[in-house]
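Worksheet: one structure, shown below.
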Amino acid sequence: MTGNELRQKYLQFFAGKDHLILPSAPLVPDNDPSLLLIGAGMAPFKPFFTGKMKPPHLRIATSQRCIRTGDIENVGRTARHHTFFEMLGNFSFGDYFKKEAIAWAWEFVTKELGLAPDKLWITIYTDDDEAFEIWNKDIGLPPERIIRMEDNFWEIGTGPCGPCSEIYVDLGEERGCGKPDCAVGCNCDRYLEIWNLVFTQFDRDDAGKYSPLAKKNIDTGAGLERIASVLQNKKSNFETDLLFPIIEHAMKVAGVEYGKDARTDVSLKVIADHARSVTVMISDGILPSNEGRGYVLRRLLRRAVRHGRLLGIEKAFLGDTVDVVAEIFRQPYPDIGEKREYIKKIFQLEEARFGETLAQGTELLNQQIETLIADGGKVLDGAVTFKLYDTFGFPWELTDEILSEQGLQLDKAGFDQAMKEQRERARSARQEAAAAVVIPDLSSFGTDQLRVDSSASVGRVVCLFREGRIVEESRDGEEVAVVLNVTPFYAEGGGQVGDVGVLTGPLGKVEVTAARKLPDGTVYHLGHVTEGFLKQGDDVKIELDHLRRAASARNHSATHLLQAALREILGNHVNQAGSYVGPDRLRFDFSHFTAMTPAEITAVELAVNKAILTDTNIGTIETTQEMAKQMGAMALFGEKYGEKVRVVVVGDISKELCGGTHVGSTGEIGQFKIVAESSVGSGLRRIEAVTGLAALEYFNQREAVLENAAQLLKTRPEELVTRLELSLGHVRELEKELAALQMKLSQGIVQELLQQIKEVKGVQYVAAKVNAPDMDELRSIADRIRDGLTAGVVVLGAVVGDKVNFVAMAGKDAVARGVHAGNIVREVSAAAGGGGGGRPEMAQAGGKNPEKLETALALVNGILEKQVK
Ligand SMILES: [Zn+2]
Ligand SMILES: [Zn+2]
């Protein structure tokens, strides 16, 4: 059975048990700032488990794509660790419980997958007699095959929790450790856990008390790759058809074989795992960066490249693995294949970039090794190893390897400490983010009855909440979130800012500064009470800031025209990667690999403005995702769309999946002007633009600058360039004249100084204070004096501000007689509170005491007496 067949079989089985089959949610969690990436099947359903949101169906099953990087160092070293994997899960939200969950799991494993019942072992929580009865009586398993285990209890802090029950498969004695006490739970490979059933039945409070939940839930998780390894009779997940084609590909590129050498195998497995992770992450809209998800992606990609190097692959190779991954996922995730070229491009850019940091990191490491050896040390500081790891993407094993070639060691404890500190920093950052957004439990307010109606002008307060708690009323001076039974407000989303406005109740007023959406779509209005108070049940008058909304709509419609124009002019690789649509301006991020030329920018601007002039009608169609795709509507990478989608259609110009607000026809946009084009990361460009009156204001500001400049040059804007060219020509002439005069002036100084030649034992010298604004000028004067001397030495000093500069030069003949300019300058500058030195022919230095300049120069005679032989 292939991995793809297994996935399908699982979902079909649970569809047959009245489960709603949902597609894998994107890796980027929706509205959950506490979570970096989806790491478990139940993660997208958290609000359903807590009862805060109503699920679309009480039984759901998914095959969820997951990323976990906590154990990244183990990937490739064990048979089962991955950073990317798929979790099969069936969920019950207050519907079926233990009896059904256990029976179906057993039916699926034994009947559908055909695993032999006598090879299966069960674990349950120590006190869970209910589960024991079901496994023993209903399923008919003998008691000795049902093992009670203390740690079979799932909980995270306070909240829903409960016992779990696992299914293990015995892979046979030959896979075991051979110890007499080898059994389920042994660390060896013999007993493999293939399914975990969590029975969420308690609610744990702050005091540690467990009370039964009114609505009990089921949350199950089974690793797709793991079960595939059992069905395909492979020793590790990496050998299943879900991963092995990538290993084969890497083998071919590197010219190595799998299964011959443990170290080679680790590298091949790392490449296979990471190639899957990174491909799926990019297809879900994540891009490499130095923070958050982008950093996770970058780390994985770099580790894969490093392991390629360890296999002896010197050229860029990772981009081609995308084809293999796309092929593996062709059936379940066709979108990966559709975005293949784009994903490859990101791989290639990032791989090339890492090539550079790899060189930099190696250089840093070599420097550190040199210093270490020079100091007679043996152990490299753990912090340096961590920096190499963190900044340059060096796995510590690599650093260790390079060190040991030099007979040096790595401070692993110091590295671990630095790593631990970073993890703690990351954790506390996540907790802060989690604390910032608290969604109260709105389940009792019938929020599914709420409506959005753009023409609504009155509504009723359904509930109020502050800092995550439901409140009866809110008084002036307080911040509050208001949920209305009907609202015309557009809630922040899809890159567009939310509406603002005023709610007026019988006894108070709320100024709404933001409209946002809960994960279930409930719109809430965030604002502060400016007068009196507002309470639950109040009827309110709704006033929307219509001018602001119209300006946002102009900018939103313009982004659609912009995307269409970019694809027409730059090519079909252009995809939206993010956007901001506000009343003031718009920002559009898109995939493109070079800076746009001025001609391209002009062409895009022209295309958008032409589309505006056609005054094409803008309409919306509600349809299914499938139909929208067939229509050729553009969708956002990594965006989660429901079954019903809304397509915004601008005649023949553009079709996009979009929930935002738009103008009625393109003419209302008025005009469109690009104000900036820049890079925002590898393969990502950003356009900022203005429309409507904001564009007019932009032109007016530019014009005012032009007027001001013209006035300064006493001319008209039309004449500005000609006048400026004349002025600049004039400036260049003056500069030339000035340089000639300076030359003459310093020539005079040189002549004057040449009158003051002194002599020590037949060596001529000049030691003098001169005026020179900088070191360059001082050197140039010294040069010319030296040329006028025979066997000569020049020592000059100049005061610059509160410092002093020295230069000393000695001709060849003088050097032959023992003169050393470097030593002269060292002694002289020391007398003026400074230091410096240099070669025998030329040296320079600074000093801090200008008042000592004369005294210092007076030393020259004595120094030469000593030096000249
Ligand atoms: Zn064992
Ligand atoms: Zn849109």
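Atoms within each ligand, like the ligands themselves, are counted from 1 in listed order. Note that this is a predicted model, so its numbers are computed, not measured.
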Return the set of protein N, O or S atoms whose distance to the Zn ion (ligand 1) is under 2.8 Å, each given as residue and atom. C177 SG, C182 SG, C186 SG, C188 SG

Does any N, O or S atom of H662, backbone or side chain, fall under 2.8 Å from the Zn ion (ligand 2)? no

Over-ring placement of R148 relative to F132, 6.0 Å and 45° cut-offs: yes

Is it true that the side chains of S591 and N575 contain a donor and an acceptor less than 3.5 Å apart? no

Close aromatic pair by centroid cut-off 6.0 Å: F153 and Y125: yes

Tell me, which pairs form a salt bridge (charged side-chain N to carboxylate O under 4.0 Å, His left out) where one or both residues lie in residues 659-682, sequence neighbours left out? E605-K673, E677-R685

With a 3.5 Å cut-off and no angle check, do the side chains of T240 and R226 form a donor-acceptor pair? no

Do the two ring centres, one from F588 and one from Y580, sit under 6.0 Å apart? no

